[in-house]
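Single-structure report; data block below.
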Amino acid sequence: MERDRHFAGISRSVQGEDGQSLQHFMSTSSWSGQTVFGQIREELCGIPALAQGSYLVLDESADEKAGAESAGTSRQYNGHLGKVDLCQVAVVLGYVNWQSGPWTTWALVDSELFLPEEWFSAEFRQRRKRLGIQAEKTFKTKLELGIAMVRRAKQRGLPFEAVSCDELYGRDLQFRADLDAEKVLYAAFVPTNQRVYLQQPHIDLPQKAPEQKGKPFSRKRVLNGVQPFQVSEIAANVQTEWHRLQIRHNERGFLQDRFAARRVWTWQTGQPIPRQEWLIMRIDQKNEHTYALCNAPENATLSRLAQMICSRYFVERIIEDAKDECGWDEFQAQKYLAWEHHVALTACALWFIAKQKLKWGTDCSRDPGLIQQFEIQILPALSTSNVRTLLKAVLPLPELSKEEARRQVVRHLVNRSRSKASRFRHRAKALAPT
């Protein structure tokens, strides 16, 4: 069945039919994908363990396409391939909490298909109609889609402490200002050449001397001579103080990197006044530098800022699990409604697995002797793949016996524990004073 996770293949495996009914349900039926996401957000709101320490993570996910007939397909940037290619691009909003129990909880809580501007031209009118794209739909940028998703999450009362997003969103000052106006904390990644000010710039219209000819100045400028710096230059500044912090446990033992933070001012042409923000800087174990701007209050601790910048990693896990384990990347229909339904059901499957992990993490005790046996600080978490393996033994079409499913999961967890112990020993040896 896993090799035929398209509509016809699923219907043939489960019901022995040709897939026409399922095709109608996915491509034509009028049920709302947003209602499904709303139900997921509502269930998340009802879990007390997620009331604190949760984050929203905003990103894009691209799927390569062989033809241009599917809704939203165009030559556009594919982040997975790192180049412009023929693809569909979705804006996705993930949800993560690594303090909710023994295992990190993550879910996909919203997503929208990005429709490039060319899709709203007269040339695409018939194609839009054929693929079921509503006539009233208008062009929206990825940033506009992203801010709308965050607003929906906030309006539904979804508990989260901050939003983390990549450079596409972070380098846009207006996007950050819009989040700030919503009273939403953010840790927005920016490129290494992002320019910020260490001193407050005075922004105003230059005054012309009486003897100068020509029209008055119409664009505001920095008048007090303060010069901007690239964030990479601030990271190398001798006044930037770096601290090694341990954030959380991970598969390699624990996440322990170097962090620094400086108060900076940001401004770009067209903005009325500069904004003061935190510049959060990180150097990871591979010596890679990352930077984010943040609107946390001035008294925010470095530990708090570091947690915010480290939350973004989990959107990669959410997208990876949605595609590799729940079949999102096997979408083969063309219609807009089919895409909306497919991603909603993918999110539903991902949330079902997350709920099982939450329940088992609460109800099932862990053998403390295994920690000593494998010489690790914390046992590895059940992965989405592990849960899928266990479900294969109990679903209406069982593919494994319960005993074989248990053996496969135990074997996988033991191998991960041994690998984790080895990494932990090497890490401890590398950090030990010489």
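Count residues from 1 along the sequence. Side chains are part of it too, since the values below use all heavy atoms of this structure and drop only hydrogens, waters and symmetry mates. Note that the structure is a prediction, hence the values are computed from the model and not measured.
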For [Y], is the NZ or CZ atom of [X] found under 6.0 angstrom from the centre of its six-membered ring and inside 45 degrees of the ring axis?
{"X": "K357", "Y": "W106", "value": "yes"}
{"X": "R263", "Y": "W278", "value": "yes"}
{"X": "R312", "Y": "F189", "value": "yes"}
{"X": "R128", "Y": "W119", "value": "no"}

- prompt: Passes side-chain contact (heavy atoms from CB on, under 4.5 Å), I309 versus L305? Steps please.
  reply: CA-CA 6 Å; I309 198 175; L305 299 173; over 6 Å; no
Per side-chain contact (heavy atoms from CB on, under 4.5 Å), W351 is matched among I40, V109, T346 by I40
Only residue of V163, L179, L56, N295 satisfying side-chain contact (heavy atoms from CB on, under 4.5 Å) with L185 is N295
Sorted by chain and residue number, the side-chain hydrogen bond (donor to acceptor under 3.5 Å, both in side chains) partners of N78 (sequence neighbours excluded) come out as none
Notebook entry, point to check: side-chain contact (heavy atoms from CB on, under 4.5 Å) between F37 and L108: does it pass, once the steps are laid out?
Noted result: CA-CA 8 Å; F37 279 118; L108 179 60; 4.1 Å; yes
When rounded to the nearest 0.5 Å, the distance separating CD of Q126 from CD of E123 is 12.0 Å
CD (Q276) and CG (L293) are apart, to the nearest 0.5 Å, by 12.0 Å
Residues passing the salt bridge (charged side-chain N to carboxylate O under 4.0 Å, His left out) test with D178, sequence neighbours excluded, are none
Whether the [X] and [Y] side chains hold a donor-acceptor pair (N or O, under 3.5 Å, no angle test) is what I'd like checked.
{"X": "E277", "Y": "T266", "answer": "yes"}
{"X": "T389", "Y": "N386", "answer": "no"}
{"X": "S54", "Y": "Y95", "answer": "yes"}
{"X": "Q34", "Y": "D110", "answer": "yes"}

I'd like to check [X] versus [Y] (side-chain heavy atoms, cut-off strictly below 4.5 Å). Are they in contact?
{"X": "H341", "Y": "W31", "result": "yes"}
{"X": "K335", "Y": "T28", "result": "yes"}
{"X": "Y291", "Y": "P191", "result": "no"}
{"X": "I318", "Y": "L350", "result": "yes"}
{"X": "F259", "Y": "I247", "result": "yes"}

Trace of the side-chain contact (heavy atoms from CB on, under 4.5 Å) decision for L86 with E64
CA-CA 6 Å; L86 193 65; E64 194 176 2; over 6 Å; no
- prompt: Is the count of non-hydrogen atoms from other residues, nucleotides or ligands lying under 6.0 Å from K355 atom NZ greater than 12?
  reply: yes
Would F175 and Y169 count as a ring-ring contact (aromatic ring centres under 6.0 Å, His included) if you check the C-alpha gap in whole Å, the side-chain angles of each, and the deciding distance to 0.1 Å? CA-CA 7 Å; F175 179 83; Y169 308 91; 5.4 Å; yes
Pair E118-S74, side chain to side chain donor-acceptor pair (under 3.5 Å): steps then yes or no = CA-CA 9 Å; E118 66 178 356; S74 177; 2.5 Å; yes
Q | Audit row: R130, E69, salt bridge (charged side-chain N to carboxylate O under 4.0 Å, His left out) steps and yes/no | A | CA-CA 10 Å; R130 185 173 70 253; E69 292 304 310; 2.7 Å; yes
| said: For a side chain to side chain donor-acceptor pair (under 3.5 Å) check, start with the C-alpha distance between E325 and T384, then their side-chain angles and the critical distance, and finish with the verdict. | reply: CA-CA 7 Å; E325 301 297 339; T384 301; over 6 Å; no
